[in-house]
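Below is one structure, written out as structure tokens; comments come after it.
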Amino acid sequence: MSTAHASEDSMPPVCILAGGLGTRLGEYTRECPKPLLDVAGEPFLLHQLRLLAAYDVREVVLCVGHRGELIQARIGPQRFGIDVRYSHDAPGLDGTLGAIRRAAPDLGERFLVLYGDSYLRVDYRACVRSWIASELPAMMVVLRNDGRWDVSNACFDGTLVTAYDKQRPSQQMCWIDFGLSGLTAAALTAVGPQVRDLADLQHTLAARQQLFGFAATERFYEIGTPAALREADSFLRATRVGAR
């Protein structure tokens, strides 16, 4: 069990979902798992961990699947002052929510969730402080999108994500899921074990007015497609600081 206790002066553990197959990347991921793809001269996952360390994150649980042993061997048990643990998917596809449930014993009562292909410039500490103050069981960071980077999939009233639907977004939705969210252990019980997708849990929580929203102001970068990978590489080459 995680020893972290989220408060205004401590950061909760971060669960990084890094078990995907990376099929949209084609040849890029034939031999290399997506989190280890070279971006600006080093594995993408190191960029993520360095950014989290800058916000005083001290515990990360990596949910790994496809070639997870390579990720564990390359990253190891500690990076940038962060203790890194690994949760390996069971045979078959657990889905994103299934992976979180499997990692739950190492995540404690409150934790953040981050996709393993996203580089997200947001004030992680401010996210946590605001979420705790809301007293809600879950949190989603959203970005005013208006169709700029992908299909908008959320409604946000300034405090709550009042609607979220990744599969069937409505025309009224002008915000987008930024890729960073937060869950309490209690939030995991809002849906049954047959629900395997994190987005389905978040859809339910939003419908129940239990999903706190935090507005990001900087665009996100991700490496899910060859074009996005090139864009992230250019951005990180132009902005990266610090040693490997």
**Asked** Okay, side chain of Arg110, backbone of Ala185: is any donor-acceptor separation there less than 3.5 Å?
**Response** no

**Asked** At their closest point, which heavy atom of Ile71 faces which heavy atom of Ala18, and how far apart are they?
**Response** CD1-O, 3.9 Å

**Request:** Compare every heavy atom of Glu218 with every heavy atom of Leu143, then report the nearest pair and how far apart it is.
**Result:** CD1-O, 3.9 Å

**Minimum side-chain heavy-atom gap Thr184-Trp131 below 4.5 Å** = yes

**Request:** Indicate the atoms forming the closest heavy-atom contact of Ser87 with Arg102, along with that distance.
**Result:** OG-CG, 3.8 Å

Show the atom names and distances, to 0.1 Å, of all donor-acceptor pairs under 3.5 Å that link a side chain in residues 114-122 to residues at least two apart or in another chain.
unit_1	atom_1	unit_2	atom_2	d
Asp117	OD2	Lys34	NZ	3.2

**Prompt:** Side chain of Asp177, backbone of Ala154: donor and acceptor closer than 3.5 Å?
**Reply:** no

**Complete:** On a heavy-atom basis, the closest approach of Leu70 and Pro33 is CD1-CD, 4.0 Å

**Request:** Just jot down the ring-ring contact (aromatic ring centres under 6.0 Å, His included) partners of Phe212, sequence neighbours excluded, or say none.
**Result:** none

**Asked** Taking NZ, NE, NH1 and NH2 as the nitrogens, is one of them in Asp83 or Arg58 under 4.0 Å from a carboxylate oxygen of the other?
**Response** no

**Prompt:** Any side-chain heavy atom of Gln78 sitting closer than 4.5 Å to one from Val84?
**Reply:** no

**Request:** With sequence neighbours excluded, tell me which residues meet side-chain contact (heavy atoms from CB on, under 4.5 Å) with Asp200.
**Result:** Val195, Asp197

**Item:** Worked check of side-chain contact (heavy atoms from CB on, under 4.5 Å) between Met139 and Val161
**Value:** CA-CA 8 Å; Met139 181 266 297; Val161 177; over 6 Å; no

**Inter-residue atom distance Lys166.NZ - Asp150.CG, 0.5 Å rounding** = 9.0 Å

**Asked** Any side-chain heavy atom of Glu59 within less than 4.5 Å of one from Val14?
**Response** no

**Request:** Would you mind reporting whether Met140 and Gln202 have side-chain heavy atoms less than 4.5 Å apart?
**Result:** yes

**Item:** Test side-chain contact (heavy atoms from CB on, under 4.5 Å) applied to Leu160 and Gln210, step by step
**Value:** CA-CA 8 Å; Leu160 294 174; Gln210 293 181 329; over 6 Å; no

**Prompt:** How many angstroms lie between atom SG of Cys63 and atom CZ of Arg85, to the nearest 0.5 angstrom?
**Reply:** 11.5 Å

**Message:** Does any part of the side chain of Ile82, heavy atoms only, come nearer than 4.5 Å to the side chain of Leu52, both counted from C-beta?
**Reply:** yes

**Prompt:** Can you tell me how far CG of Leu51 sits from CG of Leu236, rounded to the nearest 0.5 angstrom?
**Reply:** 9.5 Å

**Residues forming a side-chain contact (heavy atoms from CB on, under 4.5 Å) with Ser170, sequence neighbours excluded** = Gln172, Met173

**Request:** May I have the step-by-step check of side-chain contact (heavy atoms from CB on, under 4.5 Å) for Leu62 and Leu45, ending in yes or no?
**Result:** CA-CA 10 Å; Leu62 278 169; Leu45 185 52; 3.7 Å; yes

**All ring-ring contact (aromatic ring centres under 6.0 Å, His included) counterparts of Tyr124, not counting sequence neighbours** = Tyr55

**Fill in**
For Asn145 and Ser152, the nearest pair of non-hydrogen atoms, with its separation, is ND2-OG, 2.9 Å

**Asked** Would one find more than 12 heavy atoms of other residues, nucleotides or ligands at under 6.0 Å from atom CD of Gln194?
**Response** yes

**Message:** What verdict does the side-chain contact (heavy atoms from CB on, under 4.5 Å) test give for Ile75 and Tyr86, after you've listed the backbone C-alpha separation in whole Å, the side-chain angles of each residue and the deciding distance to 0.1 Å?
**Reply:** CA-CA 10 Å; Ile75 302 302; Tyr86 298 85; 3.3 Å; yes

**Any side-chain donor near an acceptor of the partner, His88 and Glu69, under 3.5 Å** = no

**Sub-4.5 Å side-chain heavy-atom contact between Ile176 and Phe220** = yes

**Prompt:** Got a salt bridge between Glu42 and Arg50, using NZ or NE/NH1/NH2 to carboxylate O under 4.0 Å?
**Reply:** yes

**Message:** Check Arg144 with Asp146, please: is the shortest side-chain N to carboxylate O separation under 4.0 Å?
**Reply:** yes

**Prompt:** Do Leu183 and Leu198 touch side chain to side chain, with heavy atoms closer than 4.5 Å?
**Reply:** yes

**Validation row: Val141, Cys127 side chains within 4.5 angstrom (heavy atoms)** = yes

**Between CG on residue Asp89 and OG1 on residue Thr96, distance to nearest 0.5 Å** = 10.5 Å

**Asked** If you measure from OG on Ser181 to CG on Leu112, what distance do you get to the nearest 0.5 Å?
**Response** 8.0 Å

**Asked** Can Asp157 and Thr162 be counted as having a side-chain donor-acceptor contact under 3.5 angstrom?
**Response** no

**Prompt:** Looking at CG of Asp233 and CD1 of Ile223, how far apart are the two atoms once the value is rounded to the nearest 0.5 Å?
**Reply:** 10.0 Å

**Complete:** Taking every heavy atom of Ala187 against every heavy atom of Leu201, the minimum-distance pair comes out as O-CD1, 3.4 Å

**Message:** Does Arg219 qualify as a cation-pi partner of Tyr221, given the criterion of NZ or CZ under 6.0 Å from the six-membered ring centre and within 45 degrees of its axis?
**Reply:** yes

**Message:** Under the rule for salt bridge (charged side-chain N to carboxylate O under 4.0 Å, His left out), what residues qualify as partners of Arg148, not counting sequence neighbours?
**Reply:** none

